[in-house]
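The structure under discussion appears below in the form of structure tokens.
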Amino acid sequence: MTIDTQQALFGFALRLGDTSLVLGHRLSEWCGHAPELEEDIALTNIALDLVGHARLWLSLAGEAEGQGRDEDRLAYRRDVFDYRNHLLVEQPNRDFGHTIVRQFLHDAWAVELYERLATSPDAGVAGIAAKALKEVRYHVQHSAEWVIRLGDGTAVSHAKTQEALDRLWPYTGEMFEADAASSALAAAGIAPALADLRATWAARVADTVAEATLTRPADGWMHKGGLRGEHSEHLGYLLAEMQFLPRAYPDAVW
Amino acid sequence: MTIDTQQALFGFALRLGDTSLVLGHRLSEWCGHAPELEEDIALTNIALDLVGHARLWLSLAGEAEGQGRDEDRLAYRRDVFDYRNHLLVEQPNRDFGHTIVRQFLHDAWAVELYERLATSPDAGVAGIAAKALKEVRYHVQHSAEWVIRLGDGTAVSHAKTQEALDRLWPYTGEMFEADAASSALAAAGIAPALADLRATWAARVADTVAEATLTRPADGWMHKGGLRGEHSEHLGYLLAEMQFLPRAYPDAVW
Amino acid sequence: TDNDIRFQERIDAEEKIEPRDWMPDGYRRTLVRQIAQHAHSEIVGMLPEGNWITRAPSLRRKVALLAKVQDEGGHGLYLYSAAETLGVSRDELVEQLLAGKAKYSSIFNYPTLTWADIGAIGWLVDGAAIMNQVPLCRCSYGPYARAMIRVCREESFHQRQGYELMLALANGTAEQKRMAQDALNRWWWPSLMMFGPSDDQSAHSAQNMAWKIKRFSNDELRQRFVDATVPQAEFLGLTIPDPDLRLNAETGHYEFGAIDWSEFNEILKGNGPCNRERLEARRKAWDEGAWVREAATAHAAKRAQRHLKNVG
Amino acid sequence: TDNDIRFQERIDAEEKIEPRDWMPDGYRRTLVRQIAQHAHSEIVGMLPEGNWITRAPSLRRKVALLAKVQDEGGHGLYLYSAAETLGVSRDELVEQLLAGKAKYSSIFNYPTLTWADIGAIGWLVDGAAIMNQVPLCRCSYGPYARAMIRVCREESFHQRQGYELMLALANGTAEQKRMAQDALNRWWWPSLMMFGPSDDQSAHSAQNMAWKIKRFSNDELRQRFVDATVPQAEFLGLTIPDPDLRLNAETGHYEFGAIDWSEFNEILKGNGPCNRERLEARRKAWDEGAWVREAATAHAAKRAQRHLKNVG
């Protein structure tokens with residue numbers, strides 16, 4: 001399937017916007033409930049950044065689509081099968097270890113992607129990426145430090161973190177999976193081929209995991225589906241909660 | 001405030017319908033997750049009965065109101081401040097002990113109420129109550145037996161059940177609280193004065209609690225608000241989940 | 001041995017084998033495995049459908065779904081009881097399930113993503129289950145055959161209900177029709193896989209046929225299912241996601257495309273979308289319920305003690 | 001004592017007291033209690049607002065609410081730090097909170113039931129807090145006064161944001177306006193109670209005035225709040241739920257009805273709608289976070305050890 005650049009921009013921005021939004025939502029669930037006050041503030045801050053990135057990507061998606069859908073229309077009026085986020089980010093928080101590992105696996109990918117997108121010839125894409133890059137660099141530093149602290153902390157924290165890593169690893173393949181949109185943008189030189197991010201991502205992950213005294217899981221079978229709207233059972237509940245007000249009061253402006 | 005009988009019927013049926021629906025929803029959250037298979041089936045069965053009662057009451061409410069709202073319109077298109085259920089039944093499941101104690105405190109009330117409503121001169125009310133009574137008699141037997149089993153089981157189960165009883169007790173006052181609707185129906189001889197149910201309710205509860213070797217909490221300050229739509233923070237999440245589909249697809253018939 | 005010969009004669013004469021009758025170890029083992037797997041499937045199968053009870057779009061549909069999932073729990077009960085007649089306890093079987101040592105139907109490792117999946121499960125998954133199960137009503141082992149009669153009666157009610165749900169969606173708004181088609185797209189191939197590998201790949205078949213535990217081959221049952229289901233899809237106005245599907249006018253059967261068994265095999269290895277969630281949910285229920293079961297046991301013992309004292 | 005006299009002279013001269021300065025025990029105790037209570041209020045206050053982050057009705061509102069709740073966590077941090085300058089540790093204070101021995105503002109024991117509550121909290125609760133807190137920017141104890149300057153700057157931003165949110169609702173659909181009025185109905189009286197009992201019921205007031213920990217009486221501040229807020233409600237087109245409310249043309253102040261202190265006293269006793277939930281949420285976060293804090297401590301120790309080894 002070939003698609004034109006505007007369609008590709010729409011699909012790609014939706015993927016990034018949805019992924020940021022859903023991950024931001026998951027982090028925001030920690031607000032008021034984190035293990036210590038500094039971390040409560042940090043997680044809320046990262047959630048804030050991610051929702052901010054979602055706004056930019058979804059606005060860009062709406063423009064590329066050209067059907068008059070704005071960020072809120074896209075965020076609040078699509079059901080699960082139209083969401084294009086990676087399955088990784090919709091996984092539930094479980095404990096702080098799962099939250100941090102999920103975050104690190106994502107952040108390490110986001111920083112690689114945004115570094116490349118920041119030099120995209122598409123001004124819209126480059127602008128968002130350059131803005132987000134500064135924040136994402138802080139995110140990956142924060143989550144990597146915690147992976148190390150938890151992995152190389154106590155026996156309990158080591159075990160919990162290894163379990164989280166094993167559990168979430170099969171969700172990492174999707175971040176490098178090409179779809180029609182990302183392939184078209186890669187062909188047009190607007191975005192990198194996602195497969196090309198894998199080597200540097202893997203190296204960063206390997207370094208951090210080693211420093212954390214954890215064992216990197218073997219690659220193998222990977223979950224798929226987010227890119228074609230086939231999500232886990234978790235996303236429906238997340239959207240029911242997130243979208244309640246705009247759905248219940250369709251005529252309201254907030 | 002005096003209201004006419006139709007208005008009173010609307011308010012009273014709404015209170016009973018919402019209370020049944022919300023409690024049925026909470027029980028249904030156990031489906032597939034109960035401590036043993038027999039109990040999984042029993043809780044699901046009771047949930048089914050309660051949702052069934054909700055359908056009858058909400059249909060009656062819609063007729064009494066005379067504005068064309070049917071059971072689904074009432075169940076799915078009202079936000080928290082229009083829900084009239086008792087706060088007791090919206091309390092989260094927590095553990096099986098809380099679920100059973102919540103159920104018993106409600107069932108012991110429902111059986112007293114339905115026994116009286118079954119002889120109401122209002123044929124609609126009497127018909128629903130007579131049908132529900134058979135089921136509610138089974139419910140209270142089931143929940144009372146479990147209260148006894150858990151209270152007079154192990155030290156652990158005793159402690160958990162006492163804790164649940166202490167925690168939920170302040171939510172029992174509302175079941176006997178008169179509002180404009182219940183007062184008007186009592187004055188018209190259609191329903192009992194709710195305060196009159198208290199003595200037999202309290203006697204049944206005292207018996208079961210004693211047999212369960214538990215301590216009946218002292219009466220004291222009681223939670224209020226459900227009857228005027230001032231709920232706990234739990235109900236909003238419950239409704240967001242329950243109402244998702246009709247809100248997201250407002251034109252659909254299912 | 002003589003026993004074996006007499007046993008096979010009884011089977012051939014369509015006599016029912018009962019719990020106290022002599023039976024070959026292999027027969028007993030096969031039945032325990034199959035009945036347990038079937039019971040586990042009912043219990044695990046409560047989860048994907050239970051996932052939509054709190055979100056059913058009307059109270060009528062909510063009540064129907066509650067009743068259906070309750071029935072599945074009931075089927076689990078009969079089937080565990082049937083297995084117990086073969087000398088194994090329910091707790092043992094449950095432990096095998098929770099330890100990941102026992103199988104259950106792979107179909108329940110797929111997620112239910114929209115309301116239409118509830119319809120698709122009723123129509124396709126229950127439909128396929130019935131094709132498999134109706135012949136089991138004539139299974140040589142009496143308790144299993146009798147349990148299956150009851151199960152099949154309820155399942156066919158569920159199947160009709162699922163179809164009716166799909167019909168409402170297919171006749172509904174464009175969004176509802178899209179939901180229905182999407183569900184069919186996701187559940188079609190997994191439903192075909194429910195009949196198991198092709199006959200030439202399938203071990204034990206011949207022996208199970210001889211023992212009349214199995215009466216039709218996997219491929220025969222699969223073909224029956226396709227033949228029954230394709231016209232139903234047409235009536236719904238939905239498209240079966242198989243470009244190779246066509247009616248063979250000579251045979252009267254629908255020919256269908258090649259099944260991708262690699263997905264099925266991955267799920268068997270534990271790599272399905274929900275394998276982990278399903279077992280975790282069952283384990284959590286079991287572990288968090290331990291204090292409740294212990295309380296019930298302790299209370300029953302106290303009560304028996306008091307009773308003895310009173311009558312003694 | 002001479003110390004006491006010199007201390008009071010410094011206070012009277014509007015000098016700031018700093019951590020290493022001599023101070024009366026009562027002054028220290030009062031400040032620790034007040035600052036801790038204030039810090040706890042910020043932390044517990046994250047919960048009712050945090051309750052709507054996942055349900056904020058637009059992404060813009062979601063981001064603003066996240067930022068606001070994050071600010072509250074930040075205020076908690078400054079305030080715990082200010083308390084620590086008086087020789088008490090944050091962990092001690094947190095333990096008092098979790099043990100139910102320390103107070104926090106009763107206002108946070110009310111639930112947030114609709115989105116309008118987020119507006120009402122910003123407008124009314126933050127508005128009342130600012131009335132209380134602005135004078136604290138001139139508190140005699142330096143670290144507290146400096147923390148309050150920063151807190152007040154952010155709070156007044158929050159207050160404007162809350163008012164703007166209410167304005168959007170008040171100018172919105174009939175349902176939104178109803179939501180706004182409903183929130184005002186529920187938050188009005190509790191906001192008035194935030195200023196504490198009437199002056200004639202209030203212990204310690206005179207001493208705290210003399211120490212310049214407190215600069216205005218509860219009733220004075222409450223009156224200021226009412227005077228500032230009533231015209232805002234009028235601008236919103238909302239009705240203050242007080243039939244006795246009227247402008248006294250002579251004094252220029254709004255007179256208002258009698259406050260029902262029995263509700264306030266019940267909440268102080270632990271009988272508010274959410275007392276139990278709030279403390280439970282904090283305890284759960286603390287208990288479930290224990291392994292994380294232990295890991296961080298253990299890791300820091302290992303790191304220090306390695307560092308010593310490398311440089312040693």
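Chain naming here is simple, since letters A, B, ... match the order of the sequence lines and numbering starts at 1 in each.
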Side chain, backbone, both or neither: which part of B:D40 has a heavy atom under 4.5 Å from chain C?
side chain
For chain B, the option from C:G289, C:A298, C:A295 that forms the most heavy-atom pairs under 4.5 Å:
C:A295
Using heavy-atom distances under 4.5 Å, tell me whether B:A75 contacts chain C through its side chain, its backbone, both, or neither.
side chain
d(B:S157 OG, C:E294 CD) to nearest 0.5 Å is 9.0 Å
For chain B, which candidate among C:A290, C:G73, C:G76 shows the most heavy-atom pairs at distances under 4.5 Å?
C:G73
Engaged part of C:R303 at the chain B interface, taking heavy atoms whose separation is under 4.5 Å
side chain
Can you check whether B:W146 and B:F104 have ring centres sitting under 6.0 Å from each other?
no
Can you tell if the side chain of B:Q103 reaches within under 4.5 Å of the side chain of B:V147, non-hydrogen atoms only?
no
Given a strict heavy-atom distance threshold of 4.5 Å, which part of C:L165 is in contact with chain B: side chain, backbone, both, or neither?
neither
Chain C contacts, top residue of B:I100, B:V51, B:L48, B:D49 (heavy-atom pairs, under 4.5 Å):
B:L48
By number, which residues in residues 77-92 of chain B have some heavy atom less than 4.5 Å away from chain C?
none
For C:R61, which atoms come within 4.5 Å of any heavy atom of chain B: side chain, backbone, both, or neither?
side chain
The test is salt bridge (Lys or Arg N to Asp or Glu O under 4.0 Å); show your working for C:E49 and C:K68 and say whether it passes.
CA-CA 9 Å; C:E49 291 181 279; C:K68 182 183 176 191; 2.5 Å; yes
Should the ring pair B:W57 and B:Y114 be called parallel, tilted or perpendicular, given that the plane angle runs from 0 to 90° and is split at 30 and 60?
parallel
Please determine, by modelled atom types, if C:H158 and C:D71 share a side-chain donor-acceptor pair under 3.5 angstrom.
yes
By a 4.5 Å heavy-atom criterion (distance strictly below it), what part of B:L238 contacts chain C: side chain, backbone, both, or neither?
neither
Of the listed B:M242, B:H33, B:R55, the one with the largest count of heavy-atom pairs under 4.5 Å with chain C is B:R55
In this structure, are over 12 heavy atoms from other groups packed under 6.0 Å from B:R73 atom CZ?
no
Picking from B:Y76, B:W30, B:F244, which has the most non-hydrogen pairs under 4.5 angstrom with chain C?
B:Y76
Using non-hydrogen atoms only, which part of C:L47 is less than 4.5 Å away from chain B: side chain, backbone, both, or neither?
side chain
Tightest non-hydrogen contact, residues B:A47 and B:S28, listed as CB-N, 3.9 Å
Tabulate, in ascending numerical order, the residues of residues 166-180 of chain C having at least one heavy atom closer than 4.5 Å to a heavy atom of chain B, or enter 'none'.
C:A168, C:L169, C:T173, C:E175, C:Q176, C:M179
With salt bridge (Lys or Arg N to Asp or Glu O under 4.0 Å) as the criterion, how do B:E211 and B:R204 come out once you've worked through the C-alpha distance, each side chain's angles and the decisive distance to 0.1 Å?
CA-CA 11 Å; B:E211 192 175 345; B:R204 182 194 293 266; over 6 Å; no
Can C:Q70 and C:H75 be counted as having a side-chain donor-acceptor contact under 3.5 angstrom?
no
Against chain B, work out which of C:P57, C:G45, C:A285, C:A67 has the most heavy-atom pairs shorter than 4.5 Å and name it.
C:P57
Could you check whether B:R149 pairs with B:E145 (Lys NZ or Arg NE/NH1/NH2 to Asp/Glu carboxylate O, under 4.0 Å)?
yes
What I want to find out is whether B:E29 reaches B:R26 closely enough, with some N-O distance under 4.0 Å, to be called a salt bridge.
yes
Salt bridge check: are B:E38 and C:R90 linked by an N-O gap of less than 4.0 Å?
yes
Does the side chain of C:H38 pick up a donor-acceptor pair with the side chain of C:Q133 at under 3.5 Å?
yes
Between B:I41, B:D152, B:L245, which has the largest tally of heavy atom pairs under 4.5 Å with chain C?
B:D152
Using a strict cut-off of less than 4.0 Å between a Lys/Arg side-chain nitrogen and an Asp/Glu carboxylate oxygen, indicate whether C:E164 and C:R160 qualify as a salt bridge.
no
Check: B:D72 and C:R60 side chains under 4.5 Å, non-hydrogen atoms:
no
Regarding C:Y78 and C:R150, is there a side-chain donor-to-acceptor distance under 3.5 Å anywhere?
yes
Shorter than 4.5 Å, heavy atoms on both sides: which option in B:T161, B:L150, B:V156 has the most such pairs with chain C?
B:L150
